[in-house]
Amino acid sequence: MADEPLVLGIETSCDETGVGIVRGTTLLADAVASSVDTHARFGGVVPEIASRAHLEAMVPTIERALKEAGVTGRDLDGISVTAGPGLAGALLVGVSAAKAYAYALNKPLYGVNHLASHICVDQLEHGPLPEPTMALLVSGGHSSLLLAPDITNDVRPLGATIDDAAGEAFDKIARVLQLGFPGGPVIDRLAKEGDPKAIAFPRGLSGSRDPAYDFSFSGLKTSVARWIEAKRAAGEDVPVRDVAASFQEAVVDVLTRKAVRACKDEGVDHLMIGGGVAANSRLRALAQERCERAGIRLRVPRPGLCTDNGAMVAALGAEMVARNRPASDLELSADSSLPVTETHVPGAGHGHSHPHDHVHEISKDNLYS
């Protein structure tokens with residue numbers, strides 16, 4: 001619909017420069033420039049390299065998204081950007097770019113939360129989110145169970161990882177198996193050819209006295225690594241496919257079991273799964289199986305919308321505009337540890353504002369060109 005808010009979103013929390021454009025809940029453009037191949041040489045994301053890559057990719061990626069959407073910057077109703085959590089330097093690049101474009105175009109600016117954006121992106125595929133929404137977010141940095149009565153200003157954490165996130169565990173086990181970086185996709189692929197019951201790896205925090213919704217994957221990671229080391233020390237071949245399948249099963253078993261339990265306990269009849277690990281085929285299959293058995297509707301975006309992207313940031317920004325939430329101002333700063341309860345960072349006055357209401361001394365000549 002032409003009267004729905006047209007918003008551009010910028011995501012730079014880690015190693016992907018993502019720029020998305022949405023109109024309401026319709027995705028018009030999703031441009032991504034990834035530096036993952038550069039980081040692969042080091043076995044993980046190097047923050048300084050990520051920041052430099054964002055600087056180089058930012059303007060071309062924004063221009064590509066605008067062209068793909070068939071709109072200009074002046075057509076926008078707002079600009080949203082990930083303000084946190086994430087890598088501090090990487091976030092600063094995105095926030096600085098968003099502030100510059102917002103000022104140059106005189107558009108409202110919305111600094112939004114990365115995790116809330118991962119929930120909101122599902123609107124682009126399956127329509128408006130139910131309220132409340134139960135969300136399981138799993139990625140390289142986060143494993144969280146969240147209840148969101150209102151995605152724009154009320155997200156409640158029910159549980160989170162107390163050590164390694166699920167995606168982090170995938171990367172570490174892939175490193176032990178010498179499979180390269182990132183570990184999630186290759187373990188998922190190899191696991192399809194292995195036996196998930198071959199090795200009885202532990203399920204962290206799954207006892208009757210353990211926290212109902214918190215996660216722990218550090219013990220699992222250590223158990224798998226020691227199992228592999230023992231095999232190598234004995235001069236035996238490591239059954240890589242069986243290890244991958246058994247490890248993966250241990251992770252997704254705990255994730256889905258706790259997510260379904262949370263839905264039942266909170267009386268929510270649906271579950272949304274987001275974040276990079278949501279692209280894992282076994283997680284999707286087991287979640288579907290358990291949700292169907294429990295009478296719960298499962299919502300999982302397509303894999304391309306599960307990983308970090310600008311579309312999810314634009315989706316949350318469009319919801320902010322549609323619900324008349326207060327815009328941020330040009331004093332907006334990146335917050336690497338922004339709590340999920342802060343779905344966005346409003347301006348100091350908590351009222352509607354345009355960039356020119358706050359800053360008058362910056363020359364716009366270069367920014368408009």
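Residues take their numbers from the sequence shown, with the count starting at 1.
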* Looking only at atom types and distance, does a side-chain atom of D188 sit under 3.5 Å from a main-chain N or O of G184, one as donor and one as acceptor? -> no
* Heavy-atom donor-acceptor pair, T25 side chain to G127 backbone, under 3.5 Å -> no
* Asked: Is any side-chain heavy atom of L8 closer than 4.5 Å to a side-chain heavy atom of V19?
  -> yes
* Verify salt bridge (charged side-chain N to carboxylate O under 4.0 Å, His left out) between K231 and E236, making sure each step is shown before the conclusion. => CA-CA 5 Å; K231 282 286 184 182; E236 300 177 23; 2.8 Å; yes
* Any chance CZ of R323 has more than 12 other-residue heavy atoms, nucleotides or ligands included, within less than 6.0 Å? -> yes
* Would you say K221's side chain and A169's backbone share a donor-acceptor pair under 3.5 angstrom? -> no
* Do I296 and L146 sit in the same hydrophobic cluster, where Ile, Leu, Val, Met, Phe, Trp and Tyr count as joined when their side-chain heavy atoms come under 4.5 Å apart? -> no
* Structure fact -> Between L316 and N113 the two heavy atoms that sit nearest each other are CD2-O, 4.0 Å
* Asked: Between R74 and L105, is there a donor-acceptor pair closer than 3.5 Å when you use the side chain of the first and the backbone of the second?
  -> no
* For the residue pair H344 and N153, confirm or rule out a side-chain donor-acceptor distance under 3.5 Å. => no
* Is a donor on one side and an acceptor on the other found under 3.5 Å between the side chain of S223 and the backbone of F201? -> no
* Asked: Taking T82 for the side chain and G84 for the main chain, is one N or O donor matched with an acceptor at less than 3.5 Å?
  -> no
* Would one find more than 12 heavy atoms of other residues, nucleotides or ligands at under 6.0 Å from atom CZ of R261? -> yes
* Could you go step by step and tell me if S13 and E11 meet the side-chain hydrogen bond (donor to acceptor under 3.5 Å, both in side chains) rule? -> CA-CA 6 Å; S13 66; E11 155 61 24; 2.5 Å; yes
* Side-chain (H54) to main-chain (L92) donor-acceptor, under 3.5 angstrom -> no
* Derivation of the salt bridge (charged side-chain N to carboxylate O under 4.0 Å, His left out) call for D265 and K258 -> CA-CA 10 Å; D265 291 350; K258 294 202 172 198; over 6 Å; no
* Give a yes or no on whether the backbone of A160 and the side-chain of S143 come within a donor-acceptor separation of less than 3.5 Å. => no
* Asked: With side chains defined as the heavy atoms from C-beta onward, is the minimum distance between T343 and I151 less than 4.5 Å?
  -> no
* Asked: Is I187 linked to F215 within one hydrophobic cluster, defined over Ile, Leu, Val, Met, Phe, Trp and Tyr using a side-chain heavy-atom separation of less than 4.5 Å?
  -> yes
* **Close side-chain approach of Y101 and L76, heavy atoms under 4.5 Å** => no
* side chain to side chain contact (heavy atoms under 4.5 Å, CB included) partner of F247, the single match among V252, I228, V224 -> V224
* **Nearest heavy-atom neighbours spanning A244 and L190** => CB-CB, 4.2 Å
* Would L305 and L271 show up in the same hydrophobic cluster when neighbours are defined by side-chain heavy atoms closer than 4.5 Å? -> no
* Is a side-chain N or O of D171 found less than 3.5 angstrom from the main chain of G183, in a donor-acceptor match? -> yes
* Nearest heavy-atom neighbours spanning A83 and V95 -> CA-CG2, 4.2 Å
* Side chain proximity check, H270 to T133, heavy atoms < 4.5 angstrom -> yes
* Is it true that L283 and L205 fall in one hydrophobic cluster, defined by side-chain heavy atoms closer than 4.5 Å? -> no
* **Side-chain donor/acceptor of S246 to backbone N/O of D195, under 3.5 Å** => yes
